[in-house]
Amino acid sequence: MKILMLVSSMHAGGAERVAATLVNAWAERGDEVTLTPTYSSKGSCFYPLSDKVRLAWLADLAGTRASGAVAAFKRLLTLRRHVRDTRPDVVVSFLTNVNVAAILATRGLRAPLIVCERTNPTVDTTTGQVWRRLRRLLYPRADMVTVQAEATAGPFARQVPGIKRLAVIPNPLPAPLLDAPLVAQRDDGPRELLAMGRLVPDKQFDLLIDVYAELAPRFPDWNLRIWGEGPQRAALESQVARLGLQERISLPGRTETPWEALAQGQAFVLSSAVEGFPNVLLEAMALGLPSVAFDCPSGPREMTRDGQDALLVPAGERGALRDALRRLLEDQALRTQLGARGAQAVRQRYALASVLSEWDALFDAVRGARP
């Protein structure tokens, strides 16, 4: 097959990591794959790509990195020409703004289009009114719309009526995690409780720091390490200093090797207020990290099988998060049990080969529906 994948950028984010995983897998099995980031300022590719993937930056194709309406219209015309010249069997696009552009650019062309939401759009607070209106107006024109979790599908179908086909397709576990060694639980300290994500309000790392501060005196051999970068760094560092926990809480920044960073910990916590499909929870569980997660919309409940494979606590309840973390940190047997059970479950359910089969079914469906 000839597959054209459209993404906003290839910076260090969850959607970009999934895009890299998919295009690499498709290319390695013999598909002809083109990856086109549409970001006006181009940027760089954070995740490694197979030599078999053709990388075509829309900014280069359009010959401009300017912003504004005129430049955006030029890029839209360039994108349409790019689709026509590439002649893909299917176009896949990630993220709302790229999805809208892809729908406009492919109107009247032969290639079927699958647009993919990479957050939970029913609770997303970052997408502006204009994009939400365009999504409601244009998504019914796509051949297929996908979301990442079953809990999202029904509410989103009501939010955007008229969608032709709506499918749920989870993120895959990258192949190296399927046979990676499981994290070993240490008998003594120092041990690390890990969190990872953009330093933004939705991740609620400020809440996590406060909860950890309550537990820190009781667990002197457990430190908290929060991986990631973002606009809340200064505020979080000030909070840590105010609590006098600079020796116990670290914010080392973004890592180019997230799996290696996760493998250094002994437990993981997801404190988010909202997620689409939290890759980091999936990957932490796959490595055997016993995990605690807020039951936020959406993803954690499905990933943990209603809390069978991790400690799932009511979203936003600080006391419940504290109690779940206390249980995990004080009980090595529980950590070992949850780590092994979680790894086995997610490695089976989210294996790359299984998710690629789901994508193939979508490809067959949209191609079969086109004359």
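Note that the structure is a prediction, hence the values are computed from the model and not measured. Residue numbers start at 1 and run along the sequence shown.
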Please identify each residue that fulfils side chain to side chain donor-acceptor pair (under 3.5 Å) with [X], with sequence neighbours left out.
X	answer
Glu214	Arg322
Asn24	none
Arg326	Glu330
Gln148	Asn171

Legend entry - Where at least one partner belongs to residues 158-168, residue pairs that pass salt bridge (Lys or Arg N to Asp or Glu O under 4.0 Å), sequence neighbours excluded: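 Non-adjacent pairs meeting salt bridge (Lys or Arg N to Asp or Glu O under 4.0 Å): zero.
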With [X], which residues qualify under side-chain contact (heavy atoms from CB on, under 4.5 Å), at least two apart?
X	answer
Pro48	none
Ala343	Leu182, Arg347
Pro201	Gln232

Inset, instruction - Classify the angle between the aromatic ring planes of Tyr350 and Phe277 as parallel (below 30°), tilted (30 to 60°) or perpendicular (above 60°). - result: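 Taking Phe277 first and then Tyr350, their aromatic rings stand perpendicular (interplane angle over 60°).
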Legend entry - Any Leu281 side-chain heavy atom under 4.5 Å of Met285 side chain: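 Yes, at least one pair of side-chain atoms sits under 4.5 Å.
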Legend entry - Close side-chain approach of Val240 and Leu251, heavy atoms under 4.5 Å: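 Contact flag for Val240/Leu251 side chains = yes.
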Expected output: side-chain [X] to main-chain [Y] donor-acceptor under 3.5 Å:
X	Y	answer
Ser291	Leu289	yes
Asp221	Pro190	no
Arg335	Leu328	yes

Legend entry - Apart from Leu312 itself, residues in the same hydrophobic cluster as defined by side-chain heavy atoms under 4.5 Å: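 Result for Leu312 is none, singleton.
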Ignoring hydrogens and angles, write down the donor-acceptor pairs under 3.5 Å from the side chains of residues 294-305, residues two or more places apart or on other chains.
from	atom 1	to	atom 2	distance (Å)
Asp295	OD1	Arg301	NE	3.4
Asp295	OD2	Arg301	NE	3.1
Asp295	OD2	Arg301	NH2	2.6
Ser298	OG	Asn120	ND2	3.4
Ser298	OG	Thr152	OG1	3.1
Ser298	OG	Gly276	O	3.0
Arg301	NH1	Asp306	OD1	3.3
Glu302	OE1	Glu150	N	3.2
Glu302	OE2	Glu150	N	2.7
Glu302	OE2	Ala151	N	3.0
Thr304	OG1	Pro300	O	2.8
Thr304	OG1	Gly307	N	3.1
Arg305	NE	Asp309	OD2	2.7
Arg305	NH2	Asp309	OD1	2.9
Arg305	NH2	Asp309	OD2	3.4

Legend entry - Pairs satisfying side chain to side chain donor-acceptor pair (under 3.5 Å), at least one member in residues 93-103, at least two apart: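 Those involving residues 93-103 are Ser93-Asn99, Thr96-Glu117, Thr96-Arg135, Asn99-Tyr139.
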Inset, instruction - Applying ring pair (Phe, Tyr, Trp, His ring centres under 6.0 Å), name anything that partners Phe94, two or more places apart in sequence or on another chain. - result: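 In terms of ring pair (Phe, Tyr, Trp, His ring centres under 6.0 Å), with neighbours along the sequence ignored, Phe94 is linked to no residue.
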